[in-house]
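Accompanying notes for the structure given below.
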Amino acid sequence: MTAPTSLSQDELKTLVGQAALQYVVPGELVGVGTGSTVNKFIDALASIKDTIRGAVSSSEASTARLKALGIPVLDANDVRSLSVYIDGADEIDGNGYMVKGGGAALTREKIVAALARRFVCIADESKLVNVLGAFPLPVEVIPMAAAHIARRFESLGGQATLRLKDGQPLVTDNGQHILDVRGLTISDPLAFETEVNQWPGVVTVGVFALQKANVCLLGTAQGVRTLSL
């Protein structure tokens, strides 16, 4: 699939959203992530909705979009496994390790990813990095632990700030808060994710190394580039 060099970022998202349809297994459920790129996939999924059983969604926003297009949404508790989970990333490296959570849905995204046998990441090529950490790392936290967790990141050289919405702490779909951590270089994503997830008060850290991508569809000026990871 080729594309003219004048495609906008929005058009690149549309391109990879459509390309992801090839990984949807007919007759099965599909795991659906959250974000602007995933919205393009959801729109594309509507064109083949009669060939699938439905979806398991990682956010209230994606659930609403899926239902509006007539795609049934099942609760994750009612599903034993998924053939594929399709979601975007804020950063992805050459091993398929990602930083996610810019849309504040990282916990539910990680839950749905854990149900899936294959994770297909859809992103534009600006998200591909050599080392994770330039994008502020989202961490979902229990509110009473936010200050303590921020200090722990300071000891690692990071600067954690509470994410706000309309001047108040953003509240996730799970009723928790988000810290965004700048200044980190995450050279060992697996070890980093394992360590931070053990800190009391951390709900989920936005490093996806244990639930890494198996395939990444990157939107480029030359078309969709497929990375097998």
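Positions are given from 1, in the same order as the sequence printed here. Just so you know, these numbers come straight off a predicted model, no measurement behind them.
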Decide yes or no for [X] and [Y]: does some side-chain heavy atom of the first lie under 4.5 Å from some side-chain heavy atom of the second?
X      : Y      : result
Val16  : Phe41  : no
Val141 : Trp199 : no
Asn197 : Lys110 : yes
Lys127 : Ile122 : no
Asp43  : Arg65  : yes
Val32  : Ile71  : no
Phe119 : Asp87  : yes
Ile142 : Val203 : yes

Does [X] use its side chain to pair, donor to acceptor, with the backbone of [Y] at less than 3.5 Å?
X      : Y      : answer
Asp75  : Asn77  : yes
Arg53  : Pro72  : no
Lys49  : Leu66  : no
Gln22  : Ala19  : yes
Gln211 : Ala209 : no
Lys40  : Gln18  : no
Asn174 : Gln176 : no
Lys13  : Val38  : no
Glu91  : Val129 : no

Which atoms form the tightest heavy-atom contact between [X] and [Y], and what is the distance?
X      : Y      : answer
Pro136 : Val99  : O-CG1, 4.5 Å
His177 : Leu162 : CB-CD1, 3.9 Å
Leu184 : Leu156 : CD2-O, 4.2 Å
Gly102 : Pro138 : N-CG, 3.9 Å
Asp124 : Leu218 : O-CD2, 3.6 Å
Val112 : Gly31  : CG1-CA, 4.0 Å

For the pair Thr107 and Thr172, evaluate side-chain contact (heavy atoms from CB on, under 4.5 Å) and give the outcome as yes or no after the intermediate values.
CA-CA 9 Å; Thr107 299; Thr172 69; over 6 Å; no

Working to the nearest 0.5 Å, report the span between [atom1] of [X] and [atom2] of [Y].
X      : Y      : atom1 : atom2 : result
Ile86  : Tyr23  : CD1   : OH    : 9.0 Å
Thr204 : Glu140 : OG1   : CD    : 6.0 Å
Met98  : Asp93  : CE    : CG    : 9.0 Å
Ser83  : Leu29  : OG    : CG    : 8.0 Å
Arg163 : Asp180 : CZ    : CG    : 4.0 Å
Tyr85  : Ile111 : OH    : CD1   : 10.0 Å

For side-chain hydrogen bond (donor to acceptor under 3.5 Å, both in side chains), just list the numbers for Ser8 and Asp10, CA-CA rounded to whole Å, side-chain angles, deciding distance to a tenth of an Å, and then say yes or no.
CA-CA 5 Å; Ser8 67; Asp10 187 68; 5.1 Å; no

Spell out, yes or no, whether [X] and [Y] are grouped together once hydrophobic residues are joined by side-chain heavy atoms under 4.5 Å, including indirect joins.
X      : Y      : value
Phe153 : Leu170 : no
Leu190 : Val196 : yes
Phe208 : Leu128 : yes
Leu217 : Leu45  : yes
Ile178 : Phe135 : no

Is the number of heavy atoms from other residues, nucleotides or ligands under 6.0 Å of Asn130 CG greater than 12?
no

Answer yes when Glu193 and Lys212 have at least one side-chain N-carboxylate O distance shorter than 4.0 Å, and no when they do not.
no

When you check the gap from the basic side-chain N to the acidic O, do Glu28 and Arg117 get nearer than 4.0 Å?
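Here Glu28 pairs with Arg117 in a salt bridge, since their nearest N and O are under 4.0 Å apart.
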
Pick out which of Leu227, Leu132, Leu229 makes a side chain to side chain contact (heavy atoms under 4.5 Å, CB included) with Ile92.
Leu229

Short side-chain donor-acceptor distance under 3.5 Å, Ser57 and Ser62
no

Sorted by chain and number, sequence neighbours left out, side-chain contact (heavy atoms from CB on, under 4.5 Å) with Glu60 holds for Arg108, Asp173

